[in-house]
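Read through the structure below, which is laid out as structure tokens, and then see the notes.
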Amino acid sequence: MPLGPQERILFEEQSSPLYEEIVSSGGISRTDERILEGGELHRAFELLVDVGLVAEDDDQWRAVDPAAVQAQVVAPLGQQGAELIAESAHWAQAFSTLTHAWRRSPHAVGGPFAEIRGLATIGNFLASLVSDAEVELLTAQPQDRRGVKQLGAAGAREIAALKRGVKMRTLYQHAARRGADTRKYVAAVTAAGAEVRTLDEFFNRLIVVDRRIALIPSHEGLTTAMVINEPSMVGYLVDMFERHWERARPFTNSESSLMRDIAAEQRAMTIRMLLEGRADPAGAKRLGVSPRTYAAYVADLKNEFEVETRFQLGYEMGKRGISGREDDEPAR
């Protein structure tokens, strides 16, 4: 009789109590109606016989030491389990090869553009993309709000890619420098060879793998993503990334002069948000900070210009010709 879940349940519920009865009574008669064919315990008794826990002795069935029987039952099951695990690993490898070929096809996700929905689906797709990376990873992560678990999982797979020789560059907003979890993540990936920089302005999330496939958020929000396989569009996104990268500041550099420059850039961005009339939530989003932090930036500007209201602040900055783009004007 093959041993599976149903047999185990029968063994636990009926065969085991019957075995204990046989042990306590010293045996069970071969003519006991309960164990004969059609009897209420026939199947339970047959299972005891099959696994070798009872043996014939004249006109009785007597119990056998379970320790002498267990290995004969459990060991083959363990061997079958090991063989199944090994076989499943071979199948996973076979599918991995097919998956790699599928992802390289321009029509892999339904053509040059495709949507994937659900955070779990997006996460699994991204993990697969990173594991397939061979040359380069470009990532832009605005408004970093990833938790410790997300950063840990991302760091593990990205460090694995770096160890394979994949180059990686990541952009954050300046505000990410204040996050302890982000600093820990950056320290781990830069130690493995990644480059990380920060930028003052807002940009959208972007991931590009080997300059052949890009992942961006859908207009519907972060629970839907667009997968782009079209070479010209991927090239355009890479060019945008490169332009931002050239203007960005190294994350690992904490020199006082650089930190002053970053503070000045955030101040200039706050001024632009105010002069454009953006509400606090919108301004905070573009700077990648919380509304409370953004309000503190505005309060600092009020103190700097010695005014009490935002209207007075706007008037004072206009009177002095301040636009928040002073650093850009000579280049123009």
Side-chain angles (χ1 to χ4, degrees), residues 99-119 121-146 150-151 154-155 157-158 161-162 164-176 182 185-186 189-190 193-251 265 269 285-288 328 331:
T99 300
H100 190 71
W102 182 79
R103 293 207 185 284
R104 288 194 166 278
S105 167
H107 307 289
V109 286
F113 305 95
E115 271 189 347
I116 50 177
R117 296 178 175 274
L119 292 177
T121 303
I122 295 171
N124 292 336
F125 184 84
L126 178 58
S128 180
L129 273 183
V130 174
S131 67
D132 287 345
E134 296 178 346
V135 180
E136 181 185 55
L137 288 172
L138 304 177
T139 68
Q141 301 285 355
Q143 292 179 263
D144 179 62
R145 301 198 195 285
R146 293 186 293 177
Q150 289 175 299
L151 284 170
R157 64 173 178 252
E158 288 160 2
L162 289 162
R164 296 197 309 271
V166 177
K167 295 181 179 179
M168 176 179 162
R169 287 183 288 160
T170 294
L171 272 175
Y172 282 116
Q173 286 178 272
H174 287 329
T182 305
Y185 160 82
V186 170
V189 295
T190 51
E195 293 183 76
V196 183
R197 296 184 181 182
T198 64
L199 195 63
D200 60 334
E201 65 187 59
F202 173 80
F203 47 86
N204 237 324
R205 197 174 303 275
L206 169 68
I207 297 165
V208 183
V209 178
D210 292 342
R211 304 201 175 201
R212 63 178 175 80
I213 186 168
L215 195 69
I216 62 174
S218 165
H219 68 283
E220 297 179 16
L222 295 179
T223 58
T224 307
M226 290 295 301
V227 184
I228 302 172
N229 276 298
E230 205 286 314
S232 298
M233 182 59 72
V234 173
Y236 178 80
L237 293 171
V238 170
D239 181 66
M240 289 183 60
F241 180 92
E242 296 290 0
R243 292 170 184 269
H244 282 83
W245 182 260
E246 289 301 318
R247 294 185 50 247
R249 311 280 189 170
F251 194 108
E265 290 173 0
M269 177 67 92
K285 180 179 179 180
R286 290 189 67 85
L287 268 80
D328 297 340

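Count residues from 1 along the sequence. Predicted model only: the values in this text are computed from it and were never measured.
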Rounded to the nearest 0.5 Å, how far apart are [atom1] of [X] and [atom2] of [Y]?
X	Y	atom1	atom2	answer
Met240	Leu138	CE	CG	13.0 Å
Ile216	Met233	CD1	CE	8.0 Å
Leu126	Ile116	CG	CD1	8.5 Å
Leu162	Leu137	CG	CG	7.5 Å
Arg117	Thr121	CZ	OG1	11.0 Å
Ile207	Leu129	CD1	CG	8.0 Å

Would you indicate whether the side-chain heavy atoms of [Y] and [X] approach each other to under 4.5 Å?
X	Y	value
Pro217	Thr224	no
Asp132	Val209	no
Arg249	His174	yes
Ser131	Arg157	no

Which residues pass the side chain to side chain donor-acceptor pair (under 3.5 Å) test with [X], sequence neighbours left out?
X	answer
Arg164	none
Thr139	Thr170
Glu242	Arg169, Arg211

Ignoring hydrogens and angles, tell me if any N or O in the side chain of [X] forms a donor-acceptor pair with the backbone of [Y] under 3.5 Å.
X	Y	result
Asp210	Glu134	yes
Arg197	Trp245	yes
Thr190	Val186	yes

Any idea which heavy atoms bring [X] and [Y] closest together, and the distance?
X	Y	answer
Val227	Ile213	CG1-CD1, 3.6 Å
Ala133	Val166	O-CG2, 3.5 Å
His244	Leu171	CB-CD1, 3.6 Å
Tyr185	Met168	OH-CE, 3.4 Å

Exercise. Stepwise, does the side-chain contact (heavy atoms from CB on, under 4.5 Å) test hold for Lys167 with Glu195?
Worked result: CA-CA 9 Å; Lys167 295 181 179 179; Glu195 293 183 76; over 6 Å; no
For this session: Under the side chain to side chain donor-acceptor pair (under 3.5 Å) rule, what do Tyr236 and Glu230 come out as? Steps first, then yes or no, please.
Result: CA-CA 10 Å; Tyr236 178 80; Glu230 205 286 314; over 6 Å; no
